[in-house]
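Everything below concerns the one structure shown next.
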Amino acid sequence: MSAPETGNGKPSAPSARLMYLAVAAAAGLVLVGGAAFYVATLKSHHGDDASNIKVAVTSKSCEPNEISVPAGERTFEIANTSDRPVEWEILDGVMVVAERENIAPSFKQTLKVRLAPGDYEVTCGLLSNPRGTLHVVPSEEANAAPTHATMRSFLGPLSEYKFYLGRQSSAAVRTAKDLADAIHAGDLAKAQALYVVARQPYKRIEPVVYRFSDLQNSIDPVADYFEKREADPAFVGYHRIERGLFVSKSLDGLAPVADRLVGDLATLDERLKAMKMTPGILIDSAGNFATQLSRDRLPADKSRNAQGDLSDIEANLDGLGKIVGLLRPVVKPVDPALAQRIDTTLSETENAVAEHKTGIDGAAPDAPDRPGQRKNLVAAFTNLADALNQLPSAIGIDSNGT
Amino acid sequence: MKPHFLAATALAAALGYAGMAYAEDEDSKLVEPLAAYKSYVADHTEKLLENTTKFTAAVNAGDIAKAKALFAPTRMDYESIEPIAELFSDLDHTIDSRADDFEGKEKDPKFSGFHRIEYGLWTENSTKGLEPYATQLLADVKDLNHRIENLTFPPETVVGGAAALMEEVAATKISGEEDRYSHTDLWDFKANFDGSKKIYDLVKPLIEKDNADFVKKVDENFKVVDDTLAKYKTADGYELYDKLSDEDRKVLAAKVNVLATELSTLRGKLGLN
């Protein structure tokens, strides 16, 4: 059985012929660097691409065991000179950047990979063999830094965010159903415990949910928005249930509200799954939401139980952190300083939330915060929002229509 | 390259971001299949964790018959998501390496994971001394589950995974190399096959309009492999590898190699090279 051909390992004869033609044509057109082209042409004529970086995997190590290459797209030619099938991997920490597997003894495979500057490890045959080192040095090719992000760089982040939204909205439906079941069963203590859990997934995806104002108004409105406040028959959603569970400490009238919440969350789940993903969803949502938190919500505690308020903030920050993590590889190449500033403000905000948690853990519902604490929290979120609000101009993709 | 694409590119260059909408629309079509693939992988890693928990419990309880019965089905969830699972080189080595990867082969103390346990259960016909490997395997699978949950899948790895899985079949399953102690290779084969087909099916709607012949050929080849494999289906899984007839082995080897070559063009077709 012959080794399978892949996108990376093209049959050598035709590619050599193509290379010959390409190199010859280039030489003819450009009429410069004659000697270099001559050498390349000669080599390619022998089925051997001069620009390939050659590595042999012996039974003991790679040869050479230390390689230095310029950043950019590079092709490695890996020859297995040991007596067992081997794999050759380029590693960034524990993550595989690129690999060829199952290279049979005395066979060669090629591997084409785009490499960013940095030091990488390379596996060489037996797992106990010493690892090789690959130094990727900055190059003109790689230094031609992009001035704005491409849609391609958003592909992974948007796909991951779509998955994340779907997971969280499914969890929101499931946990609301559990809460509704406890309410129907008349179990106040269980319903109280489930309430905080049920809110988490919703709070994680809140940066995007604001796009669906009808649902937001029935899922998570605050009593102040209704004419008769808490007593208003139109007051529904999480906070209506919260009021029953933690203020009235009664399940009276909560069952239909819980059922409606489950239904509204199911609608939200459907809409999120059908939502068209565009870069703007990531670029705009985080900043808009952090601004809303720091300016409108955090200064006024809208929750009616202290632990619940903190859980809300933690879940919100969790959701913002997800977006920041997804955007990091997009932002870093075009604006490293902003990427750094966002990371710093995010971790400062996480610290502020952790401090806040120490302050209110064990405190009674409605207990006042320690002086200054909420102020610190608001300040941290304000800094985070300021940093996130730079994203649209820094990334430079027209995010209209989102 | 299509002329209207060139025109759009030129326009984009001339107008700054104004042309972005076109490229955005073309590329963003991949978001749905990529997100759906992540769900597929997440479901399989969850099931892998569930099954590994049962499998390692049977090993630790010294229940050889049960452990043997659970070995092959448990591995399937790993094999079907291998393009993603093997991105984590440390875990891939501790979970799925072969004795050949170690100087001392089967006796090498570093040899661990599924195949080390397989060696104990079948070759030594004992669970003696397997507990540390079972404990480590379960811990590794938990770790893998967690890492995959948080991983943004590289689009080119996902799309390239369709061919990578077929290469995996060609290199390690058709030869009966991978599960050499238990001979349950056809289970792994089926899982690799399903994983490859999943990726292909997810991106197929994006390419079939412009690649009708390609899609027809690939569909046919998948069907031949699937039909051939189906002959070896049993009530609770697959026949042992030695039951595979020479004739069918040849058919599978040929078709799998063709599929590996054909599927390796997917990245290019989707603009991910």
Side-chain angles (χ1 to χ4, degrees), chain A residues 1-10 59 84-87 89 91 93-104 112 114 121 123 125-129 148 150-152 154-167 273 276-279 322 325-326 329 396-398 400-401, chain B residues 16-18 20-21 23-28 30-39 42 86-93 97 100-103 108 110 149-155 158 160 163-164 166-168 170-172 174-175 177 253 256-257 260-261 264-268 271-273:
Chain A
M1 189 200 77
S2 67
E5 294 298 341
T6 73
N8 295 321
K10 295 190 178 70
S59 56
R84 327 181 185 206
V86 297
E87 63 178 350
E89 298 171 325
L91 302 179
V94 299
M95 292 291 293
V96 177
V97 176
E99 66 175 345
R100 286 311 311 244
E101 289 193 310
N102 300 304
I103 308 170
K112 191 158 81 177
R114 186 170 293 283
E121 281 194 320
T123 60
L126 286 182
L127 295 177
S128 54
N129 285 348
H148 63 275
T150 60
M151 183 56 206
R152 171 77 188 278
F154 273 99
L155 210 42
L158 283 176
S159 309
E160 172 62 19
Y161 200 53
K162 174 119 210 180
F163 166 79
Y164 179 82
L165 290 174
R167 276 272 148 146
K273 278 170 182 156
K276 183 171 155 45
M277 300 297 289
T278 61
K322 179 75 188 178
L326 290 173
I397 273 190
D398 184 354
N400 282 338
Chain B
Y17 304 130
M20 193 67 203
E24 191 169 303
D25 202 46
E26 281 297 286
D27 279 347
S28 62
L30 267 166
V31 169
E32 291 299 325
L34 289 169
Y37 184 66
K38 169 112 194 199
S39 293
E86 69 187 11
L87 281 175
F88 300 101
S89 131
D90 55 338
L91 293 179
D92 190 38
H93 289 157
S97 57
D100 310 305
D101 296 328
F102 303 91
E103 199 157 8
D108 200 302
K110 289 241 170 94
E149 178 77 29
N150 293 306
L151 179 73
T152 298
F153 289 9
V158 173
M166 281 299 159
E167 289 176 36
E168 169 89 12
T172 65
I174 297 220
S175 60
E177 174 271 322
V256 163
N257 277 314
T261 308
S264 72
T265 65
L266 279 181
R267 275 175 58 166
L272 287 176
N273 271 336

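So you know, we letter chains A, B, ... as the sequences are listed, proteins then strands, and number each from 1.
- Taken to the nearest 0.5 Å, the OH atom of A:Y161 stands 13.5 Å off from the NZ atom of B:K38.
- Pairing each heavy atom of B:T152 with each of A:P157, the nearest pair is CG2-N, 3.8 Å.
- Listed by chain and residue number, B:R147 satisfy the side-chain hydrogen bond (donor to acceptor under 3.5 Å, both in side chains) test with B:D90 (two or more places apart in sequence, or in another chain).
- Heavy atoms of A:R114 lying under 4.5 Å from chain B are absent altogether.
- Within a 6.0 Å radius of CD in B:E103, other residues, nucleotides and ligands contribute 12 heavy atoms or fewer.
- Separation of atoms NZ (A:K273) and OG (B:S39) is listed at 8.0 Å; rounding is to 0.5 Å.
- Residues B:D101 and A:R84 share a closest heavy-atom pair of N-NH1, 4.3 Å.
- Contact annotation: the side chain of A:E89 never approaches that of B:E86 to less than 4.5 Å [non-hydrogen atoms, C-beta and beyond].
- Options B:T172, B:L272, B:L91, B:L151 differ in how many heavy-atom pairs under 4.5 Å they form with chain A, and the most are formed by B:L272.
- Heavy atoms of B:E32 lying under 4.5 Å from chain A belong exclusively to its side chain.
- When heavy atoms are compared at a cutoff of 4.5 Å, B:K110 does not approach chain A at all.
- Of the atoms belonging to B:P155, it is side-chain heavy atoms, and not backbone ones, that fall under 4.5 Å from chain A.
- Looking at A:L91, only its side chain comes within 4.5 Å of chain B, counting heavy atoms on both sides.
- Listed here is the closest heavy atom pair of B:A35 and A:K162: CB-CG, 3.6 Å.
- For the pair B:S28 and A:M277, the tightest heavy-atom approach, listed with the atom from each and the gap, is CB-O, 4.4 Å.
- Contact tally against chain A (heavy-atom pairs below 4.5 Å) for B:F153, B:F102, B:Y37: the top residue is B:F102.
- Neither the backbone nor the side chain of B:A164 comes within less than 4.5 Å of any heavy atom of chain A.
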Requested in this report: Decide yes or no on side chain to side chain contact (heavy atoms under 4.5 Å, CB included) for A:E87 and B:H93, but give the supporting numbers first.
Outcome: CA-CA 11 Å; A:E87 63 178 350; B:H93 289 157; 3.1 Å; yes
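- To the nearest 0.5 Å, atom CG of residue B:L30 and atom CG of residue A:L158 are 11.5 Å apart.
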